[in-house]
Amino acid sequence: SGTIAASVSSRLALAPLSGLRRVASRVSARVAVRRCPTRSASVPATAALASDPDPTPPMSTRSVLWFRKGLRVHDNPALQRACEGASAVMPVFVLDPWFMSPERVGANRVRFLLESLRDLDETLQSKGSKLVVVHGNPTEVIPAALERWQCTRLCFETDTEPYAKKRDAAVVRAAKEAGVEVHAPSSHTLYDVERLLAKCPKGEPPTAYGTFLKIAASLGDPPKPVPTPDTIPGTIPGDVASLVSQLGSCATGHGIPTLEELGYPALPRGEGFPAAGGETEGLRRLRTTLAAPAYVAEFKKPSTSPTQMWQPADRAFASVKGAGSSGARPANPFEAAKRGGGETKIDAAALFAPSTTALSPYMKFGCVSARTFYHELHAVLRGLNGKHSKPPESLEGQLLWREFYYLAAAGTPNYDKMEGNRICRQIPWSWDSARLAAWEEGRTGFPWIDACMMQLRKEGWMHHLSRHAVACFLTRGDLFVHWEAGAAVFDRDLVDADWALNNGNWMWLSCSCFFYQYFRVYGPVSFGKKYDKNGDFIRHYLPQLKNMPAKYIYEPWLAPLDVQKKAGCVVGEDYPPPMVDHAAASKECIEKLAAAYKAHKEGKGGTIKAEPRVGAKRKAE
DNA sequence: TAATTGGTTGCATTC
DNA sequence: CGAATGCAACCAATT
């Protein structure tokens, strides 16, 4: 089977853990960045490009614009730079078909990417350009493109993930050797991560949000978005096929493939993640959200509901506590979107949303700029006279959490592992593949947990609090399985899987870093029940339980046998019994965490303060 | 150095 | 039904 659990158990026989680690690192490290040394470290926060004048490039300059993340034309400094004085711009996306396979990346994220590429191509075409999608390895394709297309300028958005840093360093090296000028502006995050890092004492990012906020504030407002170009210099003549054919054998194909061509089963619209990928849809959803000021004003992430299913946006906006009753909600939340984009196909029924914005996949791929989000959000906040939620819970707070994790990831070697990770508690997690498989496949016997995991498998998306519930259950709450295994599952299946956020949140939930109150355990029965007494969410994702009385829907094993039979769901036959006794399991986990914390404290005291403390104070055993 | 404060999102029980 | 409390008491940052 193609599960992460199977990968764990098959590799365990020969080389414990290495198989999973390899898969996890490949899957997670699809995109990344290196700051280009040609750009000054002291670029002012505003006007990232205007202040960096180029010595009048010759009109014959041809640029390669390399898209990876940042699949957009708005707030795209690399695009802006590629266009400056250029006679031709070659927008390229390099698709590695080996990487885009079902065991590495789930269908929902691949489909979202393909939709985003199609949208980007359409937008580029409307501006006189087009997207050249090349199949192959980017470290071979980009140097070949520079040479064969005779391009003397390479522009791409900086990516701070380790895999991308390494990849981009190799490409930059080749480009420099060929005499190509390279520009790699920062635009994926609110701030240039390197500038944030420079503000951290000893270059070590804070592990507390409040400390991070001070560092971010010291840089002032994030840079304003750069303008969207009306027109883009055309590519050199030829259709995509003939252009790619010039690249030689490093290109193994061209064009935007279908899911089926990549080896995935069909996933028609209407199944899976409910919204289409791409900049156009991302901006539409952003602006529709921002057109509901009451929703923006009252947004508090912990108050949103993990069991609220996707529904028309006007109802979603009303669901945030207080937003529906305040009277401030506009009669038509779509007006601003219509005004902003000149769109004609906007209608309320087409924009479905859960209780949160569901913009995360657009942020992950850079279909929506964080800086555009930030500044358009602030325009709304300014109209609210301070009467709105604030970080960390607010919408702005969510953008800053993203920034927090990007900084932590960039400043922490081995960030995606426990071993060798400076900030990560060393905890003797298990790699029990049977436990992992039950969790991964949604058959733990706890309907709330299993329904969440089925939502992940089907749609590639879960509410933030659902992610908390299942992550806690897998690690410190019940199963005591390694957080790296859970992170690998999320990294494959989530439509919004983002390396910095995913690993950071798994450390958070497993009490490995950032959060430490290991005795606060999410109940696999009680937590979901708080939001959804009747269990409609469970009934939707676990149809075998749809006729179970509400009294037993979260604990079907407690239902008398005749009730189970009447509901058509006998525990042990139609649905599994609970794989652990939660009370006993969580107690054991808490004890293990307490022991690991104690060992950490003693180890730390011994190594760091051994000398000055000799004879000064008796250590706890 | 020691104490204090605050920390996006627990649960069960009580008022 | 929302707020308050005990639970056994974590850590990072600040003072």
Side-chain angles (χ1 to χ4, degrees), chain A residues 200-202 204-215 298-308 320-322 354-357 388-405 408 422-427 448-449 452 462-473 475-478 501 504-505 507-531 533 554-555 582-583 585-587 589-605 608-609 612-613 615-620:
Chain A
C200 299
K202 291 192 278 178
E204 296 184 354
T207 57
Y209 186 72
T211 313
F212 163 78
L213 288 183
K214 287 175 193 162
I215 290 171
E298 313 219 7
F299 187 94
K300 289 184 180 175
K301 188 70 160 282
S303 305
T304 58
S305 168
T307 57
Q308 181 174 305
V320 167
K321 198 164 73 175
S355 65
T356 47
T357 67
H388 55 79
S389 56
K390 307 264 178 344
E393 296 172 313
S394 63
L395 275 180
E396 180 187 10
Q398 306 313 304
L399 286 173
L400 290 162
W401 276 111
R402 175 175 181 270
E403 206 77 2
F404 170 81
Y405 283 129
R422 169 171 51 77
I423 65 175
C424 184
R425 283 284 197 283
Q426 304 299 300
I427 295 166
W448 159 243
I449 299 297
C452 289
M462 280 188 284
H463 186 277
H464 184 63
L465 293 175
S466 304
R467 303 182 194 201
H468 277 223
V470 302
C472 179
F473 184 86
T475 59
R476 69 180 171 87
D478 293 86
L501 280 57
N505 276 315
M507 281 191 266
W508 182 295
L509 264 302
S510 61
C511 283
S512 298
C513 189
F514 310 119
F515 177 80
Y516 311 92
Q517 289 170 251
Y518 54 77
F519 38 84
R520 290 189 188 170
V521 177
Y522 292 89
V525 170
S526 58
F527 190 66
K529 206 185 267 184
K530 247 188 342 200
Y531 300 91
K533 285 259 183 312
Y554 284 87
E555 302 166 280
H582 171 65
S586 62
K587 185 165 178 283
C589 284
I590 289 169
E591 285 164 3
K592 287 177 181 166
L593 266 292
Y597 271 42
K598 190 179 169 200
H600 168 81
K601 206 183 277 187
E602 289 170 359
K604 201 177 181 180
I608 296 176
K609 299 195 173 177
R613 277 180 159 254
K617 192 153 227 172
R618 189 183 147 271
K619 288 288 177 51

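Since the model is a prediction, treat every value here as computed from it, not as a measurement.
- Between K587(A) atom NZ and dC7(C) atom C1' the separation is 14 Å, expressed in whole Å.
- Regarding K529(A), its NZ atom lies at a distance of 15 Å from the P atom of dC1(C), rounded to whole Å.
- With hydrogens and angles disregarded, no donor-acceptor distance shorter than 3.5 Å links the side chain of R425(A) to the backbone of C511(A).
- Separating the C1' atom of dT1(B) from that of dT14(C) is a span of 13 Å, rounded to the nearest Å.
- Spacing between dA8(C) and dG6(B) at atom P, rounded to whole Å, works out to 25 Å.
- Atom C1' of dT5(B) sits at a distance of 15 Å from the matching atom of dA9(C), rounded to the whole Å.
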Self-check item: Per-nucleotide protein contact string for nucleotides 9-15 of chain C (B base, S sugar-phosphate only, - none; heavy atom under 4.0 Å)
Solution: -BSSSS-
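- Nucleotide dG10(B) is matched to dC7(C) when pairs are restricted to Watson-Crick or G-U wobble geometry with both distances under 3.5 angstrom.
- Within the nucleic acid shown, G523(A) comes within 4.0 Å of sugar-phosphate atoms alone, with no base atom in reach, counting heavy atoms only.
- Using bins of under 30°, 30° to 60° and over 60° for the plane-to-plane angle, the ring pair Y597(A)/Y516(A) lands in the perpendicular bin.
- Distances shorter than 4.0 Å separate none of the side-chain N or O atoms of S526(A) from OP1 or OP2 on dG10(B).
- Within the shown strands, dA12(C) is the pairing partner of dT5(B) under the Watson-Crick or G-U definition, both distances less than 3.5 Å.
- Atom CG of L465(A) and atom P of dC11(B) are 10 Å apart (whole Å).
- dA8(C) atom P lies 17 Å from atom CG of L593(A), rounded to whole Å.
- Counting to the nearest Å, the C1' atom of dT8(B) and the CG atom of L395(A) are 13 Å from each other.
- To the nearest angstrom, C1' of dT8(B) lies 12 Å from CG of L509(A).
- Contact annotation: K530(A) does not reach the phosphate of dG10(B) (side-chain N/O to OP1 or OP2, under 4.0 Å).
- Between the CG atom of L399(A) and the C1' atom of dT8(B) there is a distance of 14 Å, rounded to whole Å.
- Comment: R422(A) engages E204(A) in a salt bridge, judged by a side-chain N to carboxylate O separation of less than 4.0 angstrom.
- The nearest whole Å value for the distance from the NE2 atom in H464(A) to the P atom in dG10(B) is 11 Å.
- A donor-acceptor pair is defined here as one N or O able to donate and one able to accept, closer than 3.5 Å; no such pair exists between the side chain of Q308(A) and the backbone of Y531(A).
- With ring centers used as reference points, F404(A) lies under 6.0 Å from F514(A).
- Expressed to the nearest 0.5 Å, how far OG of S512(A) lies from CG of L593(A) amounts to 8.0 Å.
- When heavy atoms are screened at a 4.0 angstrom cut-off, F527(A) is found touching the sugar-phosphate backbone but no base atom.
- Between P206(A) and I215(A) there is a side-chain heavy-atom pair separated by less than 4.5 Å.
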